[in-house]
Amino acid sequence: MAIIEELRTPLYFAAGTADLAVQQAKKVPGLIEQLKTEAPARIDAVRNTDPKVVQEKVTAQAKEAQAKVTEVLGSLDTDLKKLGETAQDLALRSVGVAAEYAVRARETYERVAEHGEQAVRQWRGEAAEELTEIAVAVEPDAPAGPSSASASTAASPAGAETAAKKPAPAKKPPVARKPAAKKPTAPADQ
């Protein structure tokens, strides 16, 4: 039973991923409309910007970045022992961060798998409803549910008696099999 559960979870994950992708795809037309409305204003803003202003901003940001790099490099301790301790501390932190990301990934995987399971149940429910509608259309006199006839007859004592009086369908006798013919073998040359 555990093997079946191990196989179901990835399938539910795939179903959940597909369902989430469909939900996101439904948002695309709205995003396209938003881009259509915002694009002219953004294009005009780019056209109206002065290249000199942009160049001054980039130059100021480059000088600021260079100052920060110089500050960081100047503050580095050249003591190897301290660098070793720092490296060890960073390694331990990265292991902790990696473990945290693994836990988060597993939680996300399980949430998507649960979403997929719910989506599959919903799809199955919709499929069952469609089959019931088809059955009603094909056989309008038949009851709506597949098990409602047996449930209604078994619910009453008279229904139980009529169910007991119905003869069992006749079984066909098993067909006798003939043994397979042996192939003649050629005498071995010696």
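- Residue K52 forms a side chain to side chain contact (heavy atoms under 4.5 Å, CB included) with just one option from D50, V54, T49, and that option is D50.
- The hydrophobic cluster containing Y109 also contains L20, counting ILVMFWY residues as joined when their side-chain heavy atoms lie under 4.5 angstrom apart, directly or transitively.
- A salt bridge is defined here as a Lys NZ or Arg NE, NH1 or NH2 lying under 4.0 Å from an Asp or Glu carboxylate O, and E110 with R106 meets this definition.
- Closest approach of A15 and V120 over heavy atoms only: CB-CG2, 3.7 Å.
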I would like to know whether V112 and Y12 meet side chain to side chain contact (heavy atoms under 4.5 Å, CB included); could you show each step before the answer?
CA-CA 8 Å; V112 172; Y12 284 143; over 6 Å; no

Working for side chain to side chain contact (heavy atoms under 4.5 Å, CB included), residues V58 and Q55:
CA-CA 5 Å; V58 170; Q55 183 179 4; 5.8 Å; no

Name the atoms and distances for all side-chain donor-acceptor pairs under 3.5 Å in residues 23-39, with sequence neighbours left out.
unit_1	atom_1	unit_2	atom_2	d
Q23	NE2	D19	OD2	3.2
Q34	NE2	E38	OE2	3.1
T37	OG1	E33	O	3.4
T37	OG1	Q34	O	2.8
E38	OE1	R42	NH2	3.4

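- We find the CZ-NE2 distance between F13 and H115 to be 11.5 Å, quoted to the nearest 0.5 Å.
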